[in-house]
Structure formats: structure tokens, C-alpha cells
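Since the structure comes first, as C-alpha cells, the remarks are kept for the end.
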Number of protein chains: 2
Amino acid sequence: MTTIKDVAKKAGVSVATVSRFLNDSGYVGAEAAKAVTAAVEELKYELNPVARSLNTKKSNLIGLILPDITNPFFPELARAVEDVALTYGYTVVLCNSDENPEKEKNYIETLKKKYIAGFIVTSNQLDAPHYANANVPIVALDRTINEKIPTVSSNNKEGAVMGTNALLERGCRNVLFLRGPAELNPANDRYDGFMEAIQNTDAHYQVVTCPFHFADSQKIVERALKDDPSIDGIFASSDVSAAGALKAASTMGKHVPDELQIVGFDGVAMGEMLSPGLTTVAQDVYKMGAIATRVLIKQIENKKIDQSFYEVPVKLVIRGTTRSVAE
Amino acid sequence: MTTIKDVAKKAGVSVATVSRFLNDSGYVGAEAAKAVTAAVEELKYELNPVARSLNTKKSNLIGLILPDITNPFFPELARAVEDVALTYGYTVVLCNSDENPEKEKNYIETLKKKYIAGFIVTSNQLDAPHYANANVPIVALDRTINEKIPTVSSNNKEGAVMGTNALLERGCRNVLFLRGPAELNPANDRYDGFMEAIQNTDAHYQVVTCPFHFADSQKIVERALKDDPSIDGIFASSDVSAAGALKAASTMGKHVPDELQIVGFDGVAMGEMLSPGLTTVAQDVYKMGAIATRVLIKQIENKKIDQSFYEVPVKLVIRGTTRSVAE
DNA sequence: CTTCAGTGTGTAACCGGTTACATATAATAT
DNA sequence: ATATTATATGTAACCGGTTACACACTGAAG
């Protein structure tokens with residue numbers, strides 16, 4: 001392995017000059033620069049990032065902390081983070097937290113020892129001290145941590161309004177809202193949007209709390225449909241729940257979309273694979289991940305960040321679980 | 001930050017003794033050991049992994065190279081790798097290669113500079129030199145790289161036999177096999193299994209090559225169904241293709257499973273969300289990832305590995321896209 | 001002709017560990 | 001009693017970089 005010393009010798013300068021040249025810091029004369037360039041080229045020198053880290057107490061590692069990569073929402077996020085990180089020369093460490101604060105804290109501690117550059121975090125531990133006091137750049141994704149930490153999120157409330165209206169415009173008069181867990185910020189925002197859209201309307205509605213879990217959602221919807229067969233529209237706070245609802249409709253012989261219309265929220269790929277295809281409020285998950293990563297890198301590189309809250313617009317994707325709108 | 005020197009001073013010994021004690025290498029007297037333990041405790045000393053890496057040219061980083069985390073097959077794998085890695089004190093770096101050899105090579109080079117401990121690789125670049133000559137522990141997942149590199153894989157061939165028989169036992173007489181891309185080892189094994197199971201049978205069959213892609217699969221199946229309406233069974237080499245087939249059946253008004261039965265391969269979570277639920281040959285993806293990681297870590301820690309090929313059994317999961325078996 | 005800021009470069013300390021080597025003592029073998 | 005081995009520890013070099021500091025030179029300002 002060739003080191004900076006080899007380069008220095010070959011170029012006939014000191015290691016300090018080579019280092020300065022490589023880091024574009026301090027003064028380096030034109031001749032020295034040329035000699036170093038040539039030596040680097042000839043020896044195929046590549047800087048040792050570990051040695052650098054030890055000095056600078058910095059690295060190009062980014063930690064991505066998420067509850068569970070297995071949840072269909074996250075892979076796309078991870079993909080975006082990795083893509084953007086790569087173009088900026090950063091490397092992504094994957095951390096499944098299972099929403100467990102101990103695990104999160106552990107990751108943070110472990111990676112800080114490696115001089116991790118920063119974290120992108122998706123967590124429900126809203127105001128956990130290990131984030132607030134982490135003393136390392138952080139960007140929160142999809143869920144607010146605290147005011148000092150930049151957040152990127154979907155426009156959940158507006159999305160919920162859009163989704164609700166989609167159902168109403170298509171003739172639903174008795175809507176079941178599948179509300180996500182109260183600990184989740186986005187779930188609350190979606191709930192607010194739903195309420196805002198439906199409240200001054202003559203439509204009936206009911207709200208049921210429902211985890212973002214397929215089988216549970218299915219069960220909950222089956223019961224709701226049994227209790228009130230006149231439900232003609234379901235707005236689920238997540239696509240997984242919507243899939244559960246669709247399955248419930250299928251097992252109970254409710255025809256979708258003729259007897260029952262369903263709208264999901266998320267826009268995961270699975271939605272189009274269902275039959276009928278799932279109408280949903282699609283988040284631009286990739287974009288969220290990409291923005292989060294760029295904002296994080298700006299923070300890391302001490303560049304000014306213009307805002308501390310980024311809201312990514314959401315889009316209604318009409319597929320087969322809703323009818324064409326009545327004029 | 002407290003360093004090994006602080007500990008040495010506090011314990012009244014030299015840094016060498018502290019290091020030896022911490023690494024359990026060389027001799028350390030009982031008194032010294034006690035003093036060091038106390039000092040570590042009192043100062044809350046934690047070893048700096050970067051400094052250690054610089055010396056030892058080792059790290060506890062594991063690279064996970066996969067085509068695209070967005071592909072529903074991989075998140076579960078990643079999850080398993082991360083889980084196991086964590087219990088052994090390793091950290092996982094996520095690498096989306098897009099099957100691009102340049103990107104793969106790049107990751108390997110970049111991470112080797114960080115003294116990465118090893119790689120888990122899922123790649124189609126079967127005999128790529130950057131793997132064969134990587135000079136770092138590697139375990140291949142799901143796809144064979146070369147003979148020297150341990151591989152863990154599903155029992156694809158046997159699984160395909162099971163899937164085919166499931167269709168035949170349930171009365172299919174004209175089976176369409178959706179064959180995966182020829183570059184993929186598992187696709188070939190599944191094809192072999194299908195052929196073996198169907199060949200000495202009086203059932204008709206046809207084989208169509210079909211990428212592991214939903215919309216493409218749907219289109220291909222729609223055409224096949226149009227060309228030959230007597231097809232009464234489809235065995236897809238992947239669940240995503242099976243989902244496409246199911247969708248095709250739905251758009252063409254073929255009732256599943258009465259007129260057409262479908263079996264997939266993979267066992268991804270999406271399968272149960274479809275209506276009807278997808279009958280599939282399920283791989284134990286988590287187990288594959290877990291085994292791969294353990295084998296890799298054994299390699300890293302220079303422990304003997306008993307075999308170089310691990311085959312994880314596959315399981316037939318019967319759901320709604322197949323009928324109950326005729327007696 | 002000083003003085004001083006800007007430019008260019010090298011020496012050596014330092015980041016926080018590991019480890020080869022030297023040295024010393026106690027235990028065992030011959 | 002002496003040689004040999006196992007145990008125990010410290011000193012200092014080293015891993016491969018960064019950077020504070022000292023020093024030298026140049027050109028412009030006063």
C-alpha cells in the first residue's frame with residue numbers, strides 16, 4: 001500500500017505539502033502541485049480514510065436509523081439516501097431500531113466512536129434525549145424530533161384532505177377512517193386532514209385506530225364492516241392497512257369499488273399489484289430521502305441550511321379501488 | 001474523550017499493559033488487571049475503533065452488496081444480516097449495486113480502504129474478477145460467484161418441483177412456466193426443477209422468459225392467455241411475476257383459482273396481501289441472510305467453516321390462488 | 001531601506017491505539 | 001546451582017494521515 005510518505009518522496013516534497021495539496025488547504029506552489037499530481041498518478045496513491053478520520057475526528061459515514069427495513073415504506077427511503085450519499089462520497093450504515101430507544105442510543109454511541117458524520121432518523125421517540133443531545137448532525141425523516149433538528153416530511157394533512165375528498169367526490173356517504181397509531185406524527189396529521197375535509201359535510205364517518213399492519217387491519221375492517229354494512233368508503237392511513245381493508249372486502253364479498261371504495265396512503269409499489277389496483281395518496285418517498293440526505297450533508301459540511309422544515313408534496317394516484325368521479 | 005493513556009495513568013501501568021488486558025493478548029498480572037478494570041470503569045473508557053483499525057487494518061464493518069433494496073426480496077435479507085451482525089458487534093454498510101459491475105467494484109475498493117471485514121454479496125456478475133480477487137472474506141447469497149466463495153442459497157430446484165407438483169396435483173393440464181432471466185442462477189435451478197417435475201407427465205406446458213418485474217409480467221401473461229386460453233395453471237419464478245399473472249387474470253376476467261391456478265416463488269410478504277392470497281414456494285430469506293452472516297463472520301474470525309455451500313430448505317405455502325387438492 | 005502581508009515549504013507533534021523488543025522475576029528442569 | 005521457560009511489564013516505534021509552528025522568500029507599502 002502506498003502512503004503519503006511514498007508520494008512525498010517521489011515528488012521530492014514533504015508530507016505536509018502533499019497533504020495540503022490533497023486537501024486544498026494552505027499554500028502549495030505550482031511546481032510542487034505538479035510534482036505531487038504526477039507522483040499520485042504514478043503510484044496510484046489513494047488516501048487512507050481511517051488515518052484521516054483518526055486526525056480529523058470525521059468520517060464519511062452516514063447512519064440511517066429506521067424502525068425496520070422490512071416495512072415496505074423504508075426500502076425506497078433507504079435507496080434514496082444511499083444514492084444521494086454515494087454521489088457526495090458518503091457511505092450508509094443501516095440501523096434497524098425496532099422503535100427501541102435503547103437500540104437507537106446504542107447505534108448512536110457506537111457510530112459516534114467511529115466519528116460518524118451524521119444521522120438520518122425515522123423514529124417515534126419524538127423527543128428522546130439521545131437525539132437532542134447527540135451532538136452530531138441529524139435530520140429527522142417523516143417524524144419530528146425537536147425544533148432544532150431539521151425535518152423532512154410529506155404534506156400529510158393536505159394529502160389526507162385530498163384522499164378524503166376523493167372518496168366524497170365519488171359518492172361515499174359513510175366513510176370509515178383507519179387512523180394510524182397516535183404516537184406517530186404523520187398519523188395525527190392525516191387524521192387532522194381527514195377531519196377537516198369531512199367535518200362540514202353531510203357525510204357520515206367513523207374513526208378506528210388501526211396499526212400499520214396487514215392482518216390486524218384486515219380483522220379490524222372485517223368487524224367494522226359487519227357492525228355497519230352501510231360503510232361505502234374506507235380511507236386508510238397507510239397502504240398496508242388499505243390492503244388489509246381490500247382483503248377484508250374480498251373475504252366478506254363486498255365488491256370494490258362498486259359497493260365499497262378504498263383509498264390508501266403511502267404509494268408503495270405493492271399498491272398497483274393488488275386487484276383492483278389501490279387508489280392512494282402517494283408520498284414521494286424517494287424525494288424525501290434525497291432531500292433529507294442533502295440537508296444532512298449540508299449540515300455536515302457546515303453550509304447554511306435555508307429552512308428547518310421541508311414538506312414534500314403528495315399526489316393522489318387513482319387506481320381501481322375507487323370509481324370514476326360522478327359529475 | 002478519555003484515551004488509553006488516561007486509563008494507563010489512572011491504573012498506574014503502561015498503555016501496553018492496558019492494551020494487552022483489553023485485547024486479552026499477552027500476559028497481564030492479576031493486580032494490573034484489577035487496576036485496569038477499575039480505571040476503565042471509573043473513567044468510562046471506551047476504546048476508539050478508528051485508532052484500532054489504523055493499526056490492525058481491520059474493522060467491524062460488513063458490506064452488504066445487493067442489486068436494489070427496493071426489490072421486495074432484499075429488505076428481509078438486509079434485516080437478517082443486520083440483526084446477526086449486530087449481535088456479533090458488526091456494523092452493516094448498505095450497497096445498492098444495480099447489478100452494475102463498476103458500482104460493485106467501486107464499493108469494494110472504497111470499503112477496503114476502510115478495512116472492511118467482509119462482504120455479503122448478491123450479484124449476477126457470476127465470475128466477476130473483482131470478487132474472485134477481492135482478497136477479503138466474501139459470502140455469496142442466493143447466487144454462486146465461484147467455487148472458492150461460500151454460498152448460501154435456497155433449494156431452488158426442489159422448490160420448483162414442489163411448486164410444479166402443487167399445480168399438477170390440483171388438476172392443471174396446461175401449465176405456463178414463467179422462467180426468470182437466464183443470467184440468474186436461481187432462475188435456472190427453478191427452471192430445471194420445473195422441467196424435471198413436468199416432463200414425464202401427460203400435462204402440456206410452455207415456458208416463457210419473464211423478468212422479475214410486475215408490469216412486464218402482467219403484459220407477458222396477458223398475451224400468453226390470449227394466445228392460449230386453455231392455460232389452466234401458471235408457475236411463476238418469482239412472486240412479483242406471479243402478482244403480474246394474477247393481475248392479468250383479473251383484467252382478462254379469468255377466475256382464480258377456478259379457471260386458472262397460480263403459484264409464485266419467493267414468499268415475500270406481499271403475497272398474502274393479494275386477493276386471493278398467493279400460493280407460493282416460500283424461501284426462508286431471513287434464515288439465508290442469517291446463515292450468510294454467520295458464515296462470513298466465521299471466515300472473518302478465521303474459524304473453520306465446515307462447508308462451502310449451504311442450502312436452505314424451501315416451503316410450499318398454500319393460499320388462495322390454488323384450489324384444494326383433488327383426491 | 002525597512003516593514004509587513006502573502007506565499008511556499010519542511011519539521012515534528014499528534015490522533016489513539018497495537019505490538020516488537022528489551023528487561024525482570026518466578027517457577028521448573030537438569 | 002544453573003539453565004530454561006513462563007509470566008509480567010514498560011519503552012518506543014508504528015499505523016497513515018493532519019496541522020501547528022518555524023522559517024524563507026517575494027513584492028508592495030510607507
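Chain identifiers are assigned alphabetically (A, B, ...) following the order of the sequence lines, protein sequences preceding nucleic acid strands; residue numbering begins at 1 within each chain. Quick caveat: nothing in here was measured; it's all calculated off a predicted structure.
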Can you give the donor-acceptor pairs under 3.5 Å from side chains of residues 283-298 of chain A to other protein atoms, not counting sequence neighbours?
| unit_1 | atom_1 | unit_2 | atom_2 | d |
| --- | --- | --- | --- | --- |
| A:Q283 | OE1 | A:S154 | OG | 2.6 |
| A:Q283 | NE2 | A:D266 | OD1 | 2.8 |
| A:D284 | OD1 | A:K287 | N | 3.3 |
| A:Y286 | OH | A:D83 | OD2 | 2.5 |
| A:T293 | OG1 | A:G289 | O | 2.6 |

Counting only pairs under 3.5 Å, give me each side-chain donor-acceptor contact of residues 65-74 of chain A, with atom names and distances, residues two or more places apart or in other chains.
| unit_1 | atom_1 | unit_2 | atom_2 | d |
| --- | --- | --- | --- | --- |
| A:D68 | OD1 | A:T70 | N | 3.0 |
| A:D68 | OD1 | B:R79 | NH1 | 3.1 |
| A:N71 | OD1 | A:F73 | N | 3.0 |

Under 3.5 Å, sequence neighbours excluded: what are the donor-acceptor pairs made by side chains of residues 27-43 of chain A?
| unit_1 | atom_1 | unit_2 | atom_2 | d |
| --- | --- | --- | --- | --- |
| A:T37 | OG1 | A:A33 | O | 2.7 |
| A:E42 | OE2 | A:K10 | NZ | 3.4 |

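A straight line from NZ of B:K9 to P of C:dG17 spans 14 Å, rounded to a whole angstrom. The NZ atom of B:K114 sits 16 Å away from the P atom of D:dG16 (whole-angstrom rounding). At whole-Å resolution of the value, NZ in B:K5 and C1' in D:dG10 are 15 Å apart. Atom CE of B:M1 and atom C1' of C:dG17 are 11 Å apart (whole Å). One atom, CD of B:E31, and another, P of D:dG10, lie 12 Å apart when rounded to the nearest Å.
The stretch residues 33-44 of chain A has no heavy atom under 4.0 angstrom from DNA chain D at all. Only B:N23, listed by number, bring a heavy atom of residues 21-29 of chain B to less than 4.0 angstrom from any atom of DNA chain C. At a non-hydrogen distance threshold of 4.0 Å, B:L54, B:N55, B:K57 from residues 46-60 of chain B come into contact with DNA chain D.
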May I have the step-by-step check of side-chain contact (heavy atoms from CB on, under 4.5 Å) for A:D6 and A:Y45, ending in yes or no? CA-CA 9 Å; A:D6 303 326; A:Y45 169 72; over 6 Å; no
Quick one: do B:V18 and B:V13 satisfy side-chain contact (heavy atoms from CB on, under 4.5 Å)? Show the steps, please. CA-CA 7 Å; B:V18 177; B:V13 298; 3.7 Å; yes
side-chain contact (heavy atoms from CB on, under 4.5 Å) between B:S153 and B:N185: does it pass, once the steps are laid out? CA-CA 10 Å; B:S153 162; B:N185 256 358; over 6 Å; no
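When the C1' atoms of four end pairs are superposed on the next four at each end of the helix from C:dC1-D:dG30 to C:dT30-D:dA1, using five pairs per end, the two resulting axes differ in direction by 50°, to 10°.
Counting any heavy atom pair closer than 4.0 Å across all strands shown, A:S19 reaches a base atom.
Listed pair B:T17 / D:dG10 meets the phosphate criterion, a side-chain N or O lying under 4.0 Å from OP1 or OP2. Distances shown here put every side-chain N or O of A:T3 at or beyond 4.0 Å from the OP1 or OP2 atom of D:dG16.
Legend: salt bridge (Lys or Arg N to Asp or Glu O under 4.0 Å) pairs involving residues 105-119 of chain A, not counting sequence neighbours, sorted by first then second residue: A:E102-A:K105, A:K113-B:E46.
In terms of the salt bridge (charged side-chain N to carboxylate O under 4.0 Å, His left out) criterion, B:K148 has no residue partners (sequence neighbours excluded). Annotation: salt bridge (charged side-chain N to carboxylate O under 4.0 Å, His left out) contacts of A:K9 (sequence neighbours excluded): none. In this structure B:E311 satisfies the salt bridge (charged side-chain N to carboxylate O under 4.0 Å, His left out) test with no other residue, sequence neighbours excluded. Shown here are the side-chain hydrogen bond (donor to acceptor under 3.5 Å, both in side chains) partners of A:K304, two or more places apart in sequence or in another chain: there are none.
Within the 3.5 Å criterion, the main-chain N or O of A:R52 finds no donor-acceptor partner in the side chain of A:N55. Of the possible polar contacts, one joining the B:N48 side chain to the B:V50 backbone as a donor-acceptor pair under 3.5 Å is found.
In the set C:dT18, D:dG16, C:dG10, C:dT18 carries the atom at the smallest distance from any side-chain atom of B:V15. For B:I4, counting side-chain heavy atoms from C-beta on, the closest listed nucleotide (C:dT19, D:dA20, C:dT18) is C:dT18.
Of all the heavy atoms in B:Y310 and B:Q307, the pair that sits closest is OH-O, 3.2 Å.
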